[in-house]
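Chain letters run A, B, ... following the sequence lines, proteins first, then strands; residues in each count from 1. Note that the structure is predicted; figures quoted are calculated from it, not measured.
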Amino acid sequence: MPELPEVETVRAGIEQHVVGRTIATAEVFNPRAVRRDVAGPAGFAAALTGRTFLRAERRGKYLWFALDDTEALLAHLGMSGQFLVGDPVRPLSPHVRVRFTFTDGGPDLRFTDQRTFGHLMLVPIAYPADMSRVVPEPIVHIAPDPLEDAFDAKDFAARLRRRKTQVKRALLDQSLISGIGNIYADEALWRARLHWARPTDTLRPAEVSRLLEAVREVLSEALKAGGTSFDALYVNVNGESGYFDRSLNAYGREGEPCGRCATPIRRDAFMNRSSYSCPKCQRPSPVARSAATPAPAVAGGGRQPA
DNA sequence: ACTCCCCCCTGTTAGC
DNA sequence: TGCTAACAGGGGGGAG
């Protein structure tokens, strides 16, 4: 649910409100929230007590907080995870899974997660002497995201075109490019005028450049708007919604006019979810443009635009 | 080595 | 009104 702009907004909130503070107590209310931590709920809580948040880092949709030069708290928000900072005596909502209080007696930090797809875990991390950036071992398979220095556009283009899949599946594959989810995949494809089912191995270099440009634009613009909130499930650490939903051109706009050509946006079933696109601006393949019929069968897919 | 699909959850909403 | 099914921003693990 939260994609790069939402997760980055949360990271910045933790950096501002939590970094530099020392944990007084850690409580795990739902063991599922720490299911990937080998120490279990009690071990996790004990290991976090007395530790200090030193910095707040992110790659794609993963967050981690250095506790010293050898360990970090790794977090993923899943579909509905939130980090909320607030008055420690406010009522505990039913979806709070983990709670941290701090030795300064100030605002506490609550990991709240309705659907429990998110998780927290204490992980080893080997920071070099100069404390330069490193990524925790459990997420080494996550590719750099398009807003970080380590992202290599040429390498991404080459790997993308080598894939035998559809372009939207590739955009959602966090081991190829990270940080993009269903909303921003649809938005980037709309901006780049590419159909979601386009076979990656038919993409021309110029189309890949256009796509990457669109990805960077939409992620940056959404970040400036504080992310996209359709409902109360995404909010920043202060409980405030983002307002990028007002700027969406495709996602969630079935039947509404395309901002470029006024053709109604369509919704297709895709990977047990939805794909929104403009049937006129985003043709299945360049060949379709010259054909009298709407579109030839999608190569290698077996998936027809229903 | 890839690619794809199911499944993990809870809550809301559309449809009968 | 009330039940049921579909759907929701993600990703790991295993099947093929």
Side-chain angles (χ1 to χ4, degrees), chain A residues 1-10 29-37 58-63 74-83 93-97 111-121 137-143 145 159-188 196-197 199-201 218-219 222-223 225-236 241-245 247-248 250-255 267-276 298-303 306:
Chain A
M1 161 212 154
E3 307 180 31
L4 189 153
E6 294 78 34
V7 178
E8 172 58 20
T9 301
V10 170
F29 299 110
N30 185 328
R32 199 176 136 73
V34 295
R35 63 192 176 282
R36 301 182 67 84
D37 191 300
R58 182 190 56 76
R59 163 166 283 183
K61 304 171 195 172
Y62 276 92
L63 293 165
L74 180 66
H76 195 287
L77 302 177
M79 294 285 270
S80 56
Q82 307 174 337
F83 275 114
S93 92
H95 299 307
V96 176
R97 310 305 184 192
F111 178 67
T112 300
D113 187 13
Q114 179 186 101
R115 294 179 67 185
T116 72
F117 288 164
H119 68 274
L120 306 183
M121 67 190 296
E137 192 282 330
I139 63 163
V140 292
H141 64 290
I142 302 294
D145 67 60
R159 292 178 63 207
L160 177 68
R161 296 175 68 207
R162 231 182 284 137
R163 296 252 167 152
K164 298 256 187 297
T165 189
Q166 300 167 339
V167 65
K168 185 171 172 182
R169 286 179 184 277
L171 284 181
L172 295 176
D173 184 342
Q174 307 297 303
S175 67
L176 179 64
I177 182 171
S178 69
I180 303 169
N182 209 29
I183 296 179
Y184 299 115
D186 281 1
E187 292 301 306
W196 55 268
T200 46
D201 58 2
V218 74
L219 294 179
L223 178 56
T228 302
S229 306
F230 287 117
D231 51 36
L233 286 193
Y234 164 69
V235 292
N236 69 14
S241 294
Y243 52 89
F244 193 70
D245 59 305
S247 306
L248 297 177
Y251 189 86
R253 300 192 68 236
E254 182 178 17
R267 184 178 80 90
D268 293 302
F270 172 81
M271 291 170 79
N272 290 323
R273 288 191 179 80
S274 300
S275 244
Y276 297 90
V298 174
R303 167 171 281 294

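For the OP1/OP2 pair of C/dG9 and a distance below 4.0 Å, the side-chain nitrogens and oxygens of A/Tyr251 include at least one atom meeting the criterion. Note on A/Thr165: a side-chain N or O is less than 4.0 Å away from OP1 or OP2 of B/dC4. The phosphate of C/dG9 has neither OP1 nor OP2 within less than 4.0 Å of any side-chain N or O from A/Thr228.
The pair A/Asp145-A/Arg58 meets the salt-bridge criterion, with a side-chain N (NZ, NE, NH1 or NH2) lying under 4.0 Å from an Asp/Glu carboxylate O.
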Set out, line by line, the N/O atom pairs under 3.5 Å between protein and nucleotides 14-16 of chain B.
none

Short heteroatom pairs, N/O only, protein and nucleotides 11-13 of chain B, under 3.5 Å:
{"unit_1": "B/dG11", "atom_1": "OP1", "unit_2": "A/His95", "atom_2": "NE2", "d": "3.3"}
{"unit_1": "B/dG11", "atom_1": "O4'", "unit_2": "A/Gln114", "atom_2": "OE1", "d": "3.2"}

Restricting both atoms to N or O, compile the protein contacts to nucleotides 11-14 of chain C shorter than 3.5 Å, with distance only.
{"unit_1": "C/dG11", "atom_1": "OP1", "unit_2": "A/His76", "atom_2": "NE2", "d": "2.8"}
{"unit_1": "C/dG11", "atom_1": "OP2", "unit_2": "A/Lys61", "atom_2": "NZ", "d": "2.9"}
{"unit_1": "C/dG12", "atom_1": "OP1", "unit_2": "A/Tyr62", "atom_2": "OH", "d": "2.3"}
{"unit_1": "C/dG12", "atom_1": "OP2", "unit_2": "A/His141", "atom_2": "NE2", "d": "3.3"}
{"unit_1": "C/dG12", "atom_1": "O3'", "unit_2": "A/Arg36", "atom_2": "NH1", "d": "3.4"}

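Whole-Å rounding puts the A/Arg267 CZ to C/dC7 P distance at 6 Å. Distance A/Phe117 CZ to B/dC8 P: 9 Å, rounded to the nearest Å. Atom pair A/Met271:CE and C/dA8:P shows a separation of 13 Å (rounding to whole Å applied).
Stretches of at least 3 consecutive Watson-Crick or G-U wobble pairs, with each checked distance under 3.5 Å, appear in DNA chain B as B:2-8 with C:10-16, B:10-16 with C:2-8.
Partners of A/Arg159 according to the side chain to side chain donor-acceptor pair (under 3.5 Å) rule, which considers only residues two or more places apart in sequence or in another chain, do not exist here. With sequence neighbours excluded, no residue satisfies side chain to side chain donor-acceptor pair (under 3.5 Å) with A/Ser247.
Contact of the A/Asp173 side chain with the A/Arg163 side chain is registered, since non-hydrogen atoms from C-beta on lie closer than 4.5 Å.
Summary of the strand contacts: A/Arg163 and A/Asn272 both lie near DNA chain B, and taking for each the nucleotide with the nearest heavy atom, the more 5' one is attributed to A/Arg163.
Aromatic ring pairs are classed by plane angle as parallel below 30°, tilted from 30° to 60° and perpendicular above 60°; the pair A/His119 and A/His76 is parallel.
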